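Accompanying notes for the structure given below.
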Amino acid sequence: METLEKRHIDYDRTAFGDDELLSIYTKLVRPRLIEERMLILLRQGKITKWFSGWGQEGVSVGSAYAMNRDEYILPMHRNLGVFTARDIPLRKLFAQFQGKLSGFTKGRDRSFHFGTQEYNLVGMISHLGPQLGIADGIALASVLKNEKKATLVFTGDGGASEGDFHESINVAAVWDLPVIFAVENNCWGLSTPSVEQFRCKQFIDKGIGYGVEAVQVNGNNILAVINTVRKITAEIRENPRPVLLELMTFRMRGHEEASGTKYYPEGLQDEWMKQDPIANYELFLKEQGLLTDELIKTISDSIKAEIVDEFEIAFQEDAVPVNMENELNDVYAPFNQVVISPETSSKTEKRFIDGIQDGLRQSMEKYPELVIMGQDIAEYGGAFKVTEGFVDLFGKGRVRNTPICESAIVGAGLGLSIAGMKAIVEMQFADFVTCGFNQIVNNLAKLHWRWGEKADVVVRMPTGAGSAAGPFHSQSNEAWFFHTPGLKIVYPSSVEDAKGLLNAAIEDPNPVLFFEHKNLYRSLKEDLSDDYFTVEIGKARTVREGDDMTIITYGMGVHWSKEILDEHPEINAELIDLRTLLPLDTEAIYKAVRKTGKVIVLHEDCMTGGIGGELVALINENCFNDLDAPVKRIASIDTPVPFDADLEIQFLPKGRFETALVELARY
Ligand SMILES: Cc1ncc(C[n+]2csc(CCOP(=O)(O)OP(=O)(O)O)c2C)c(N)n1
């Protein structure tokens, strides 16, 4: 531990009694002593890399200390002090570092990449910025529940260059969310200095652009950090709003040990050494007559002994058992869907869009904790008017217009879920999900498998071509997500399924992408149960029975198939609507294939890398001996979706499907 001859930080102890000052000291040295030990273990090859918070402990410990214990903190990679300040037992923390079962992620994720409801902490994913949107959702939940709680989310000065920072602080500003955006400004992002990260003289200058209050504090002054965070939290709990808090500090060690610190200019580390948060605080406490060299040694020896013992316990723990079933079982949050039938036989003829609206409305009634978010969805009713009238029914708190910030809003959906609520995010068009892609595939999809927390979010995706809307309002993009374990993908083609599967998706605690074909919204009509009901997720539907061949499809493909089969009464085909793409109903697929021995797989999405490829592979692997003909795969051509109506007809697979159907019938 460094010592200083002269103190370089001024402290204001007005708000602190002697005992508290000392107790803060023990909390402050703890992460430093852990890192000292970790450095030894690293050199001995007993521990893998982590990201050091050496020199930044004032930020982590001070912030965590100042927050109430039941308020969420979303730490980053240098915030060991947050975890220790929340008193996570060291053996559990070290088991996490060592990938042991008694850690937080069953060996599936590393060091600080975990969350824990028990300690109200939500750890990061490597992508840095996505943390920020989650904080918005947690804070929104606290506002909607009138809990008067603050949320604190960290970001580095470098990570704050990501779009997520802009989106999240903007959403928090517009929605008056009680979030502290704590920018841990250690002046560097790996080897890149702040001047290459942003042009403002100081980070807080960004606050005015977002219309939020911005405060700067010396992050190495633990008492100043505590005072500042206490003051802000006291204010925003009562009068919710975001605050941008810039905590000035410096990283003394490398980004991680192996990358070194050679890029720091000569003398810079020596200058910052004088600002060490612990050495300065020690001097201050000595001046106050509260600390002596003996007491420092006593405290340090006792913490060090604890660290050695607790590391030993973590080392002694058996390696995590390697069991494939365990890995696969944890991909989804456990949920046994009990299908709910309509209470009465009352039915009304409704359009596809009405089925969706019915489901949404009845789910909003059933789940008071359910919130819908999307662009223009409030008074305007959404681009397709699905939520028309919802503000009057459920209020603006639960039917929320969002800024054009897909990433922050999907993140906010996850935050709502973490805080015990349910979320639906409406993409205005499925095409725009690209802007929220990271949150979906990296946060929502992996969360349960990583640390056992559910991601109770439905993303509604108005999808598909056929209305001459061009390449950015027509795409089929289900295959982008099909490849990501942890997501469910639901794609109804009937009015009944639209309502029943949407209700089921909302009920399911797992993240569901719910595809709604825009061309079906107003063209398809069916008698629909008026009551609330659900349809089983993961179950395909036999639309028509037949013996000549099997058509496996979903979405618009079901309607094209019906239409063309009606024109070819000589072909007696079994028609399977997958309805759920993830998880796939493989049993239904194999059964239908075995029944006829001839198969066409049809989808609107492009051919290459489409879901059809996976279906054909599965059929080949599992039903080869039952096949009487090569499996046909019909899809859109491998181009973006064209605007011109004739070009679009050529792009779409309907015409090629008819030819293939007739050919296969003759085979
Ligand atoms: C999206 C993304 N891009 C790049 C990286 C690689 N990376 C990890 S940390 C880091 C620097 C982060 O700097 P800053 O946010 O200032 O935090 P610091 O490490 O300085 O605490 C980079 C470039 C990443 N993890 N995620």
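In listed order, ligands and their atoms are each counted from 1. Remember, predicted model here, so these are calculated numbers, not experimental data.
The closest non-hydrogen atom to atom 9 (S) of ligand 1, taken over Met124, Glu184, Gln197, His255, comes from His255.
Near Gly156, meaning under 4.0 Å from one of its heavy atoms, ligand 1 places the atoms 14 (P), 15 (O), 16 (O), 17 (O). Atoms of ligand 1 found under 4.0 Å from any heavy atom of Asn186, numbered from 1 in the order shown, are 18 (P), 20 (O), 21 (O).
Here the rule is side chain to side chain donor-acceptor pair (under 3.5 Å) with Thr249, and of Asn186, Asn185, Asn220 only Asn220 fits it. Applying the ring pair (Phe, Tyr, Trp, His ring centres under 6.0 Å) test between Phe112 and each of Phe97, Trp451, Phe154, Phe104 identifies Phe97 as the sole match.
Of all protein heavy atoms, the one lying nearest to atom 26 (N) of ligand 1 is Ser126 O, 3.4 Å. Scanning the protein for heavy atoms near atom 13 (O) of ligand 1, the closest one is Gly189 CA, 3.3 Å. When only non-hydrogen protein atoms are considered, atom 21 (O) of ligand 1 lies nearest to Arg78 NE, 2.7 Å. Protein heavy atom in closest approach to atom 16 (O) of ligand 1: Gly158 N, 2.7 Å.
Protein heavy atoms are absent from the 4.0 Å sphere centred on atom 23 (C) of ligand 1. Using a 4.0 Å threshold on non-hydrogen atoms, atom 18 (P) of ligand 1 counts as touching the protein. Protein non-hydrogen atoms do not reach within 4.0 Å of atom 3 (N) of ligand 1. Protein non-hydrogen atoms do not reach within 4.0 Å of atom 6 (C) of ligand 1.
When non-hydrogen atoms are compared, ligand 1 lies under 4.0 Å from neither the backbone nor the side chain of Met76. With a heavy-atom cut-off of 4.0 Å, Asp157 touches ligand 1 through backbone and side chain alike. Under 4.0 angstrom from ligand 1, the non-hydrogen atoms of Trp188 all belong to its backbone. Only the side chain of Glu162 comes within contact range of ligand 1, with a heavy atom under 4.0 Å; no backbone atom does.
Checked by distance only, ligand 1 and Gly159 come closer than 3.5 Å through their nitrogen or oxygen atoms.
Taking 4.0 Å as the cut-off between side-chain N and carboxylate O, Asp87 and Arg69 do not count as a salt-bridged pair.
Contact annotation: the side chain of Trp50 never approaches that of Glu256 to less than 4.5 Å [non-hydrogen atoms, C-beta and beyond]. Asn68 has its side chain out of reach of Thr233: every pair of non-hydrogen atoms, C-beta onward, lies at least 4.5 Å apart. A 4.5 Å side-chain heavy-atom check between Arg400 and Val371 finds at least one atom pair inside the cut-off.
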Task: ring pair (Phe, Tyr, Trp, His ring centres under 6.0 Å) assessment of Tyr332 paired with Trp449 - done: CA-CA 7 Å; Tyr332 292 123; Trp449 181 81; over 10 Å; no

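With rounding to the nearest 0.5 angstrom, the CD atom of Glu246 is 9.5 Å from the SG atom of Cys200.
In this structure, Phe472 places its CZ atom where only 12 or fewer heavy-atom neighbours from other residues, nucleotides or ligands lie under 6.0 Å away. Other residues, nucleotides and ligands place no more than 12 heavy atoms under 6.0 Å from the CD1 atom of Ile404.
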